[in-house]
Number of protein chains: 2
Amino acid sequence: MRRDPFQAIADPTRRAILVLLAMHSMTPNALAEHFDTTRQAVSKHLRVLTECELVRAVPSGREMHYTLQVRNLKKVDRWLEQFRALWENRFSQLDDVLTTLKKG
Amino acid sequence: MRRDPFQAIADPTRRAILVLLAMHSMTPNALAEHFDTTRQAVSKHLRVLTECELVRAVPSGREMHYTLQVRNLKKVDRWLEQFRALWENRFSQLDDVLTTLKKG
DNA sequence: TCCTTATGAAACCGTTTGGTTGCGAATATA
DNA sequence: TATATTCGCAACCAAACGGTTTCATAAGGA
């Protein structure tokens with residue numbers, strides 16, 4: 001089973017969860033209210049996110065507070081880094097044909 | 001079938017293909033030599049990447065030259081943008097406990 | 001204590017994924 | 001023309017994915 005941040009953010013629901021948790025930590029029930037699925041489905045996504053260490057569970061009584069753990073998102077950012085130069089230089093501003101010529 | 005850059009870069013082989021194509025355009029055969037799979041498997045990945053418009057196929061005789069199309073990678077970059085502030089501010093430099101306090 | 005609420009885990013299901021093999025079409029070469 | 005090479009497509013397969021329903025556990029409230 002692949003467990004890395006790239007696979008984690010492939011799912012749109014998981015991306016939305018991360019965005020919500022970026023505001024403040026939330027319980028599974030509170031999160032589930034934002035989606036058109038069951039609490040258990042959200043819980044499964046939280047499990048994946050926890051295994052990827054993109055999220056951390058903090059118990060509080062009978063509730064569980066999930067918190068964003070931003071560190072591993074940086075891995076995605078670092079991977080993108082190697083392409084950033086390509087879309088920031090002036091060649092990539094031109095159309096695709098020119099890009100092709102440059103690389104061919 | 002979901003076809004977006006997030007799903008495209010979830011697969012490690014596809015990420016490696018994108019990195020290789022960032023250097024210069026390549027044919028499916030040339031690409032396949034870099035991996036421990038068949039040409040057809042690489043071809044399938046190229047199909048996905050093409051559908052996501054992360055790659056563009058340029059025919060040349062009986063060969064096909066695949067070129068990186070960087071535009072849609074920016075979508076991932078823009079999504080990450082909303083988290084970048086979190087790991088760039090001084091709070092995220094502290095350990096996870098502090099991060100929790102800040103968000104709780 | 002009894003009941004409700006919050007949660008995770010397990011079993012199950014249909015679809016998607018990533019891979020293989022085999023094929024046919026089209027281009028280059030002898 | 002005949003042959004070899006490059007490639008995409010279709011069929012098939014096992015494993016993973018995303019979802020549901022059901023159940024057990026544990027904590028709060030009447």
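Computation of the quantities below employed the complete heavy-atom set of this structure, encompassing side-chain atoms and omitting hydrogens, waters and symmetry-equivalent molecules. Convention: sequence-line order gives letters A, B, ...; per-chain numbering from 1.
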Peer 1: Let me know the distance between NE2 of A/His45 and C1' of D/dG18, rounded to the nearest Å.
Peer 2: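 Between C1' of D/dG18 and NE2 of A/His45: 6 Å.
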Peer 1: Go nucleotide by nucleotide along DNA chain D from the 5' end; which of A/Ser60 and A/Val42 gets its closest nucleotide reached first?
Peer 2: A/Val42
Peer 1: Decide whether a cation-pi geometry holds between A/Arg56 and A/Tyr66; the criteria are a distance under 6.0 Å from NZ or CZ to the six-membered ring centre and an angle within 45° of the ring axis.
Peer 2: no
Peer 1: Is a side-chain N or O of B/Arg39 found less than 3.5 angstrom from the main chain of B/Pro28, in a donor-acceptor match?
Peer 2: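 No, the answer is negative, given that no donor and acceptor are paired below the 3.5 Å cut-off.
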Peer 1: Are side-chain heavy atoms of A/Gln40 and A/Lys44 found at a separation under 4.5 Å?
Peer 2: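 Not touching, per the 4.5 Å side-chain cut-off.
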Peer 1: Report yes if the side chains of A/Gln69 and A/Leu54 come closer than 4.5 Å at any heavy-atom pair, otherwise no.
Peer 2: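 Not in contact.
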Peer 1: Where do B/Arg14 and B/Ile9 land on the side-chain contact (heavy atoms from CB on, under 4.5 Å) test, with the steps shown first?
Peer 2: CA-CA 6 Å; B/Arg14 283 199 289 268; B/Ile9 66 170; over 6 Å; no
Peer 1: What is the distance from CG of A/Asn29 to P of D/dG28, rounded to the nearest Å?
Peer 2: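 Spelled out: CG on A/Asn29 to P on D/dG28 is 15 Å.
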Peer 1: Mind checking what makes salt bridge (charged side-chain N to carboxylate O under 4.0 Å, His left out) contact with A/Asp11, not counting sequence neighbours?
Peer 2: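 Expected list: none.
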Peer 1: Distance check needed: D/dG18 P versus A/Glu51 CD, whole Å only.
Peer 2: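 After rounding, the gap between these two atoms is 12 Å.
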Peer 1: Whole angstrom is fine here: how far is it from CG in A/Leu46 over to P in C/dG8?
Peer 2: 7 Å
Peer 1: Has A/Tyr66 got a side-chain N or O lying under 4.0 Å from the OP1 or OP2 atom of C/dA6?
Peer 2: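 For A/Tyr66, the contact criterion (side-chain N or O under 4.0 Å from OP1 or OP2 of C/dA6) is not met.
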Peer 1: Closer than 4.0 Å, any side-chain N/O of A/Ser43 to the OP1 or OP2 of C/dT7?
Peer 2: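 Checking C/dT7 against A/Ser43, no side-chain N or O comes under 4.0 Å of OP1 or OP2.
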Peer 1: Identify, residue by residue, the members of residues 3-16 of chain B with a heavy atom below 4.0 Å from DNA chain C, and return them in order of residue number, or none.
Peer 2: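 Per residue number, the list reads B/Arg3, B/Gln7, B/Asp11, B/Arg14.
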Peer 1: For B/Glu63 and A/Glu63, find the nucleotide of DNA chain D closest to each by heavy atoms; which residue's nucleotide sits nearer the 5' end?
Peer 2: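 Closer to the 5' end of DNA chain D: B/Glu63.
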Peer 1: Between B/Arg47 and D/dC9, is there a contact of a side-chain N or O with OP1 or OP2 at under 4.0 Å?
Peer 2: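 Result: yes.
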Peer 1: Keeping the roles fixed (side chain from A/Ser60, backbone from A/Glu63), state whether a donor-acceptor pair exists under 3.5 Å.
Peer 2: no
Peer 1: Enumerate all atom pairs, one protein N or O and one N or O from nucleotides 20-22 of chain C, separated by less than 3.5 Å.
Peer 2:
residue: C/dT20; atom: OP2; partner: B/Thr38; partner atom: N; Å: 3.2
residue: C/dT20; atom: OP2; partner: B/Thr38; partner atom: OG1; Å: 2.6
residue: C/dG22; atom: O6; partner: B/Gln40; partner atom: NE2; Å: 3.2

Peer 1: Mapping A/Met64 and A/Arg2 onto DNA chain C by nearest heavy atom, which one lands closer to the 5' end?
Peer 2: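 Residue closer to the 5' terminus by nearest nucleotide: A/Met64.
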Peer 1: Are any side-chain N or O atoms of B/Asn72 and backbone N or O atoms of B/Cys52, one a donor and one an acceptor, separated by less than 3.5 Å?
Peer 2: yes
Peer 1: Whole Å only: how far is the CZ atom of A/Arg62 from the P atom of D/dT25?
Peer 2: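 Rounded to whole Å, this separation is 18 Å.
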Peer 1: Mind checking B/Phe35 for me? I need base, sugar-phosphate or nothing, with any heavy atom below 4.0 Å counting as a touch.
Peer 2: nothing
Peer 1: CE of A/Met1 versus C1' of D/dA15: gap in Å, rounded?
Peer 2: 10 Å
Peer 1: Atom OG1 in A/Thr67, atom CE in A/Met26: separation rounded to 0.5 Å?
Peer 2: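 It is 11.5 Å, given to the nearest 0.5 Å.
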Peer 1: From the list C/dG8, C/dA9, D/dC7, which nucleotide is the closest neighbour of the side chain of B/Pro28?
Peer 2: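 Selected nucleotide (nearest to the side chain): D/dC7.
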Peer 1: May I ask you to decide whether B/Arg78 forms a salt bridge with B/Glu81, counting only side-chain N to carboxylate O separations under 4.0 Å?
Peer 2: no
Peer 1: Starting at CG of B/Leu31 and ending at C1' of D/dT6, how long is that distance when rounded to a whole Å?
Peer 2: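 About 14 Å, once rounded to whole Å.
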